[in-house]
There are 2 protein chains.
Amino acid sequence: MSTDGPAQMADATDGIMVPLCAVFRRFLKKQGLKFTPERALVLDAVLAQGGVFEADDVDAHLRSQGHRVGKATIYRTLRHLQDAGIIAEVLIGGKQAHYRLTFGQPPRGHLVCIETGRIVEFDAPELERLRDRICQEHGFEAVSVQVVIHGISPEARQERSGD
Amino acid sequence: MSTDGPAQMADATDGIMVPLCAVFRRFLKKQGLKFTPERALVLDAVLAQGGVFEADDVDAHLRSQGHRVGKATIYRTLRHLQDAGIIAEVLIGGKQAHYRLTFGQPPRGHLVCIETGRIVEFDAPELERLRDRICQEHGFEAVSVQVVIHGISPEARQERSGD
DNA sequence: CTTGCTGCAAAAGTTTTGCACACGT
DNA sequence: ACGTGTGCAAAACTTTTGCAGCAAG
């Protein structure tokens with residue numbers, strides 16, 4: 001995967017895996033929905049992704065584990081995970097949707113290399129202040145904030161000079 | 001149009017219209033490309049949009065003026081305008097691309113109502129500092145920054161209570 | 001048992017591309 | 001004249017939906 005996190009969490013995920021599953025079950029029950037094996041598999045695949053991922057990454061991960069879940073089911077489950085507040089869309093551009101695990105995490109910004117596509121996540125605590133200030137000024141009720149910086153990574157710059 | 005600007009520019013555009021046209025011509029010439037009537041029309045339509053717009057808005061504007069420019073040409077021209085630094089993509093989500101005029105403008109943030117789709121632009125000077133700090137920390141060369149806040153507008157909140 | 005779920009294939013919707021012909025420079 | 005541009009229709013892609021059979025609660 002092409003994402004670096006500020007606080008590396010190789011398998012720190014294991015720690016929240018069980019609670020997340022519980023959170024998801026609770027959410028589904030509350031909505032009168034069912035907890036199926038496919039949904040569990042998708043959640044597993046999502047947790048296995050470190051950082052930003054897209055629907056296809058989930059599909060690829062599942063296949064690599066020998067599981068086969070229809071793409072429609074993957075899309076449907078990603079939407080539920082979003083509704084449950086477990087993942088959120090990250091707007092970095094491109095034609096496919098990108099997501100990241102957000103459960104219990106603070107807002108994070110993303111630095112994207114326009115040449116290589118590499119994504120670096122960074123913490124930007126000041127975002128919460130900005131969000132609150134702007135929302136107050138306009139009478140909005142905030143739901144999310146995101147910052148994306150597009151630029152050229154050191155590696156890309158290097159390759160560029162070596163053309 | 002569904003966009004409010006901080007510094008309202010009803011037709012402040014007139015002031016930069018001529019230079020922008022010149023900027024575009026210069027850009028095209030430098031790239032060995034041609035300045036055609038269709039490209040001029042698309043640029044006009046872009047300038048007529050206040051705030052955030054999408055390809056279809058440009059198409060609609062052109063039609064409303066009695067002009068007929070193929071959609072392929074609109075898309076191709078928008079890309080050139082992007083390359084020329086006249087417009088830039090705004091990542092607010094949804095399946096179609098959104099743009100805004102950026103020529104000579106400072107970075108601006110966007111507040112988007114998730115219920116009505118209304119977009120409010122706001123100035124956030126601190127973004128430049130954040131951008132520079134993060135890029136320096138990671139050795140990136142910055143190309144753009146953007147902040148998007150999703151939330152619920154006062155109007156939407158009102159309608160919601162009146163259900 | 002009742003309701004929701006899955007997988008497949010078809011549908012949708014935006015953006016891109018191939019082509020034959022037309023037009024700036 | 002040469003090299004691009006234009007419009008149209010088809011292609012590409014991601015995401016959504018309809019449906020028939022299947023399964024969780």
Quiz item: Do the rings of B:F27 and B:H80 sit parallel, tilted or perpendicular, given the 30° and 60° boundaries?
Solution: tilted
Quiz item: Could you give the CZ-to-P distance, from B:R25 to C:dG24, as a whole number of Å?
Solution: 12 Å
Self-check item: Whole-Å distance separating the CZ atom of B:R39 from the P atom of C:dC23
Solution: 15 Å
Practice problem: Output the residues of residues 71-94 of chain B in contact with DNA chain D, where contact means a heavy atom of the residue under 4.0 Å from an atom of the strand; sort by number or write none. | Solution: B:A72, B:T73, B:R76
Quiz item: Side chains of A:V120 and B:F140: does their closest heavy-atom pair fall under 4.5 Å?
Solution: yes
Quiz item: D:dG7 P sits how many Å from B:D59 CG, rounded?
Solution: 11 Å
Exercise. Grab the CD-P distance between A:Q96 and C:dT14 for me, whole Å please.
Key: 17 Å
Quiz prompt | Side-chain ion pair, B:R133 and A:E126, N-O less than 4.0 Å | solution = yes
Quiz item: So, is B:R68 near the phosphate of D:dT6, with a side-chain N or O under 4.0 Å from OP1 or OP2?
Solution: no
Exercise. Please state how far atom CG in A:L62 lies from atom P in C:dG7, giving the value in whole angstrom units.
Key: 10 Å
Quiz prompt | Contact nearer the 5' end of DNA chain C, comparing B:F35 with B:A55 | solution = B:A55
Self-check item: Other residues, nucleotides, ligands: >12 heavy atoms within 6.0 Å of B:K29 NZ
Solution: no
Quiz item: Would you say the base of C:dT3 and the side-chain of A:K34 have a donor-acceptor pair closer than 3.5 Å?
Solution: yes
Quiz item: Given B:D56, which of B:Q96, B:H61, B:K71 fulfils the side-chain hydrogen bond (donor to acceptor under 3.5 Å, both in side chains) condition?
Solution: B:K71
Quiz item: Considering all heavy atoms of both residues, which atom of A:E54 and which atom of A:Y99 are nearest to each other, and what is their separation?
Solution: CA-CD1, 4.5 Å
Quiz item: Could you state the interatomic distance from CZ (B:R68) to CZ (B:R63), rounded to the nearest 0.5 Å?
Solution: 5.0 Å
Quiz prompt | A:T36 vs C:dT6: side-chain N/O to OP1/OP2 distance below 4.0 Å | solution = yes
Practice problem: Return the value, rounded to whole Å, for the distance between atom NZ of B:K95 and atom P of C:dA12. | Solution: 12 Å
Quiz item: Between A:L28 (CG) and D:dA23 (C1'), how many Å, whole number?
Solution: 15 Å
Exercise. Starting at atom NZ of A:K30, determine the distance to atom C1' of D:dG25, rounded to an integer number of angstrom.
Key: 18 Å
